[in-house]
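Values in this document were obtained by computation on a predicted structure and should not be read as measured data.
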Amino acid sequence: MFRFLSLTLFVAALAYQATNDAFFQFVSNCNKTYSNHSDVMNRRYIFFKNNDYINYHNTLNKSYQLEMNCFGDMSHTEFSNKILMKPNN
């Protein structure tokens, strides 16, 4: 039982480290800067959620695949409000 638990924790730590490395690679590649530690943690959380969604979507065998881009640290709402064009009324 102890070996199984140890192996499970080890695999979880490796997965966490790989995802954490992916976030910091993203930050470097996209020249991201954040104002404070809290902002880093929030953006990292959003990045993880977006990355999980991308990975899930790509398992569905759709006619297209998703991949991470430099908007990966933005929520859907934030992206919609800041990036997408608003219709003129």
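Not one N or O on the side chain of Asn50 forms a donor-acceptor pair closer than 3.5 Å with the backbone of Asp73. In this structure, the side chain of Lys32 engages the main chain of Cys70 through a donor-acceptor pair within 3.5 Å.
In this structure, Asn69 CG and Phe26 CZ are separated by 7.5 Å, a value rounded to the nearest 0.5 Å.
Follow the hydrophobic side-chain contacts under 4.5 Å out from Phe24 and you reach Ile54 in the same cluster. Taken together through direct or relayed side-chain contacts under 4.5 Å among Ile, Leu, Val, Met, Phe, Trp and Tyr, Val40 and Tyr45 form parts of separate hydrophobic clusters.
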- request: Evaluate the criterion side chain to side chain contact (heavy atoms under 4.5 Å, CB included) for residue pair Ile46 and Arg43; output intermediate values, then yes/no.
  value: CA-CA 5 Å; Ile46 294 169; Arg43 296 298 171 180; 4.2 Å; yes
- request: Could you give me the CA-CA distance, side-chain angles and deciding distance for Asn42 and Tyr34, then say whether side chain to side chain contact (heavy atoms under 4.5 Å, CB included) is met?
  value: CA-CA 10 Å; Asn42 182 49; Tyr34 303 110; over 6 Å; no
- prompt: Can you check side chain to side chain contact (heavy atoms under 4.5 Å, CB included) on Met74 and Ile83, steps first, answer last?
  reply: CA-CA 10 Å; Met74 297 174 80; Ile83 305 301; 4.1 Å; yes
message: I'd like to know whether Tyr64 forms a side chain to side chain contact (heavy atoms under 4.5 Å, CB included) with His57, so could you lay out the CA-CA distance, the side-chain angles of the two residues, the decisive distance to 0.1 Å, and finally the verdict.
response: CA-CA 9 Å; Tyr64 62 95; His57 170 86; 3.2 Å; yes
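Between the side chains of Asp21 and Gln25, no donor-acceptor pair is found at a separation under 3.5 Å.
Looking at every heavy atom in both residues, Phe23 comes nearest to Arg44 through CE1-CA, 3.6 Å. Of all the heavy atoms in Thr59 and Asn55, the pair that sits closest is CG2-O, 3.2 Å.
Applying the 6.0 Å contact sphere to NE2 of His76 captures no more than 12 heavy atoms from other residues, nucleotides or ligands. Few gaps surround CZ on Phe79; more than 12 heavy atoms of other groups in view lie less than 6.0 Å from it.
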